[in-house]
Amino acid sequence: MSKVFLGGTCANSKWRNKLIPLLEIDYFNPVVKNWTPKCQAEERRQREICDFVLYTITRVKKSYFIK
């Protein structure tokens with residue numbers, strides 16, 4: 001089965017909540033409550049294995065940087 005990576009704006013953006021119920025394929029939602037280096041590694045892995053990569057950029061944005 002195909003899988004889509006739901007990248008893009010996170011923070012308080014709700015676009016994923018609107019899209020996920022409409023999907024007819026599996027998905028990976030990278031948004032987590034507490035961002036860690038382990039989460040970052042899983043995000044990179046999922047981006048590589050997903051069949052589709054979707055990035056939605058909205059006015060709501062937040063950047064995360066892990067050293």
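- Residues V32 and F28 do not share a hydrophobic cluster, clusters being chains of Ile/Leu/Val/Met/Phe/Trp/Tyr side chains in contact below 4.5 Å.
- Of the possible donor and acceptor atoms, none in the side chain of R47 sits under 3.5 Å from a partner among the backbone N and O of V53.
- The shortest side-chain heavy-atom distance between F5 and D51 does not fall under the 4.5 Å cut-off.
- Linking ILVMFWY side-chain heavy atoms closer than 4.5 Å, directly or via other members, places L19 and I25 in a single hydrophobic cluster.
- Summarising the geometry, atom CD1 belonging to I57 is positioned 9.5 Å from atom OG belonging to S13; distances are rounded to the nearest 0.5 Å.
- K38 NZ to E43 CD: the interatomic distance, rounded to the nearest 0.5 Å, is 15.0 Å.
- Shortest non-hydrogen contact noted between G7 and W15 is O-CZ2, 3.1 Å.
- R44 places none of its side-chain heavy atoms less than 4.5 Å from the side chain of C39.
- Between Y27 and Q46, every side-chain heavy-atom pair lies at or beyond the 4.5 Å cut-off.
- Between R45 and E42 there is a salt bridge, since a side-chain N of the basic residue sits under 4.0 Å from a carboxylate O of the acidic one.
- Taken together through direct or relayed side-chain contacts under 4.5 Å among Ile, Leu, Val, Met, Phe, Trp and Tyr, I20 and L54 form part of one hydrophobic cluster.
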